[in-house]
Each structure stands twice: as C-alpha cells, then as structure tokens.
Amino acid sequence: ATKKMFARRVMNTTCRRGRNDVFLRWRSGTCPLKHKSATITTAMTATTTTTTRTIPTTTTTTTTKQFFSSQDSNSNSNSDRTDDPVKEYLSSVGYKDPLLQDGMRDALRPVFGKDMSVEQLKSFGTAGLEALSNSVQEQLISHDPDAFVGNATINIPHHNYSFDIQMTEGTNFMTYATEGKGSEVLNEYLECACDGNMSCSTCHIVLDEETYSKLDPPCEAELDMLDLAYEPTDTSRLGCQIVMTREIDGMIITIPAGVNNLWG
C-alpha cells in the first residue's frame, strides 16, 4: 500500500511538472501543440460554418413538424382507446367526464398506485365515490376564472354572530370551511373529522327552509349521520354535502351550538 501511494505521488508530481512545462512553452511559442491546435480549431470552424450554411432551414422545420404531428397522432390514438377498465367502470356509474375521471384517478394514485383496479374503486362504495367526485370537481372549478361566485350568510346564534361568505360554484361547504378563505373563522365551529366521507356528523349545519327545499333529499348514509348529530332539525344537512350552485345563491346556514364527535 505504501509503495502504491508513493507511486501515485510521483505520477501526480510528474503530471503537474509536465503541464507547467507545456504551458511555459505555449506562452513562448515553442510548443508544437499550439500551432496544431490553431489549425484544428480553424478547420473545425470552417467545417461548422460550411455545414450550417448547407443545411436548409425548411428541412429542419419540416422534420420538427413531422415529429410533433406523429406525436400528436399517437396521443390522439391513445386517448381514443376505451380499453381502460377503470374509466369504463367510472363511466358506467355516471362519471363520464374524462377530466373528472383523470382527477379521481390522480387523487387515488398515492393510495393504490398507478395500477389501480376496479375492485379497489368498488370498495369506496357509492357514497365514497360521490364524495371523491365532488372534491375533484371543486378543484377543477377553482381553476376556472369565469366560474360563478355565490353568497351565503352564516349565523352563529350562541355567539350572537353572523357574517357573509363567497363561495365559487361547485365548492363544497365543508371544504370551504376547512381550506377556503373563511377557514380561520369557520374551522372553529366545524371539526369535519372524517374529511367529507359521511362517516361522522361534525359538519352538521341547519339550512333555511327555502334553500333546503331546493336541494335533493339526503341519502341514507347522510340521514344515518344526521341521526347522530347534535340536536338535528327538519332542515339539518351535513356541510360536506352542500355544494354552491346558482339555485341556492344567498342561502342561510346556521351553525349548531354543539357537536357530537364519535371519532374522539
């Protein structure tokens, strides 16, 4: 090992000396490599110039167009394929929008990976897929600058407090309360323990009668959770199931004085 280290040092010293010697000879003009290098550089420059002049611009442009057109045709042919069992299943249960399908798939990718199966989707059930669809639609709408923005009045009687909020059409009230502009105020009153999966009643709210009558009636899963809510009324709903539309613009939401959290 000692002999090898000594040999390395000798070689490094020799290389350094050799480089210094070439550099000194280069500056003095006595190094033959300097003249050879200049000749090579000139030749390369001339060759490059000639090549550049002889290559027609139209040829390069045509080649580029042909490449991207072939890529586009490939992507179109791929998008036209209908042999994706996941998309076929989503279409069969009512989620036919390709953007929505891709969004739902992307949302579940961290859980199931890219090779998601239909059986994994079915494990969510109807209510789970609906909640997922609503969440994805909210994300898609939130990036639409022309989306309708509605108003809602929030009443908190036990604190003698009320205020107005603005919600983009398609926005879920629970999502707005936890992630939107009003989260700093509303998050104090709505726990939203299950993140909108209709497996708790911590986003329980009470709607005004006019708004309640304009909505579709709650499903069985929501009714089961409302039975466990704090002092439910005839117009009680889960906030995670209330989505802003033009029809319910101006709705009045009352926050109950208490909450039943079975999660903890």
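Nothing here was measured: the structure is a model prediction, and the numbers come from that model.
Of all the heavy atoms in Gln241 and Asn172, the pair that sits closest is N-ND2, 4.1 Å. Ala229 approaches Pro232 most closely through the heavy-atom pair O-CD, 3.4 Å. Residues Asp106 and Arg109 share a closest heavy-atom pair of OD1-NH2, 3.0 Å. The minimum heavy-atom distance linking Ser199 with Cys194 is given by the pair OG-CB, 3.1 Å. Between Pro256 and Val206 the shortest heavy-atom distance is CG-CG2, 4.5 Å. Taking each heavy atom of Ile205 and Leu207 in turn, the nearest pair found is CD1-CD2, 4.0 Å.
Residues forming a side chain to side chain contact (heavy atoms under 4.5 Å, CB included) with Asn187 (at least two apart in sequence, or on another chain): Thr178. For Phe112, the side chain to side chain contact (heavy atoms under 4.5 Å, CB included) partners at least two apart in sequence or on another chain are Leu108, Met116, Gln120, Phe124. With sequence neighbours excluded, the residues satisfying ring-ring contact (aromatic ring centres under 6.0 Å, His included) with Phe163 are Tyr161. For the side-chain hydrogen bond (donor to acceptor under 3.5 Å, both in side chains) test, no residue two or more places apart in sequence or in another chain qualifies with Thr202. For Ala257, the side chain to side chain contact (heavy atoms under 4.5 Å, CB included) partners are His158, Tyr230, not counting sequence neighbours.
Follow the hydrophobic side-chain contacts under 4.5 Å out from Leu121 and you reach Met104 in the same cluster. Clustering ILVMFWY residues whenever any of their side-chain heavy atoms sit less than 4.5 angstrom apart, transitively, puts Val86 in the very cluster that holds Leu132. The same ILVMFWY cluster, assembled from side-chain heavy atoms under 4.5 Å apart, contains both Tyr176 and Ile248.
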Using residues 217-228 as the side-chain source, report each donor-acceptor pair under 3.5 Å to any protein atom, sequence neighbours left out, with the distance given to one decimal.
| from | atom 1 | to | atom 2 | distance (Å) |
| --- | --- | --- | --- | --- |
| Glu222 | OE1 | Arg237 | NH2 | 3.1 |
| Glu222 | OE2 | Arg237 | NE | 2.7 |
| Glu222 | OE2 | Leu238 | N | 2.9 |

Residues 146-156, side-chain donor-acceptor partners within the protein, below 3.5 Å, at least two apart:
| from | atom 1 | to | atom 2 | distance (Å) |
| --- | --- | --- | --- | --- |
| Asn151 | OD1 | Gln166 | NE2 | 3.1 |
| Thr153 | OG1 | Asp164 | OD1 | 2.8 |

List the atom pairs, donor and acceptor, that lie under 3.5 Å between side-chain atoms in residues 89-96 and the rest of the protein, sequence neighbours left out.
| from | atom 1 | to | atom 2 | distance (Å) |
| --- | --- | --- | --- | --- |
| Ser91 | OG | Lys87 | O | 3.0 |
| Ser91 | OG | Gln101 | NE2 | 2.7 |
| Ser92 | OG | Tyr89 | O | 2.5 |
| Tyr95 | OH | Glu130 | N | 3.4 |

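Expressed to the nearest 0.5 Å, how far CG of Leu186 lies from CZ of Phe173 amounts to 5.0 Å. Remark: Ile252 CD1 to Thr235 OG1 distance equals 11.0 Å, nearest 0.5 Å.
For residues 197-213, the pairs satisfying salt bridge (charged side-chain N to carboxylate O under 4.0 Å, His left out) are Glu210-Lys214, with sequence neighbours left out. Residue pairs satisfying the salt bridge (charged side-chain N to carboxylate O under 4.0 Å, His left out) criterion with at least one member in residues 238-250, sequence neighbours excluded, are listed as follows: Glu169-Arg246. Identified under the salt bridge (charged side-chain N to carboxylate O under 4.0 Å, His left out) test for residues 186-206, with sequence neighbours left out: none. Residue pairs satisfying the ring pair (Phe, Tyr, Trp, His ring centres under 6.0 Å) criterion with at least one member in residues 183-208, sequence neighbours excluded, are listed as follows: His159-Tyr189.
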For this session: Start with the C-alpha gap between Met251 and Leu215, add the side-chain angles, then the distance that decides, and say whether side chain to side chain contact (heavy atoms under 4.5 Å, CB included) holds.
Result: CA-CA 11 Å; Met251 63 179 167; Leu215 299 173; over 6 Å; no
Exercise. Are Leu262 and Cys200 close enough, and set up right, to give a side chain to side chain contact (heavy atoms under 4.5 Å, CB included), and what steps lead you there?
Worked result: CA-CA 7 Å; Leu262 303 179; Cys200 78; over 6 Å; no
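Between Ile242 and Met167, the closest side-chain pair of non-hydrogen atoms is not below 4.5 Å.
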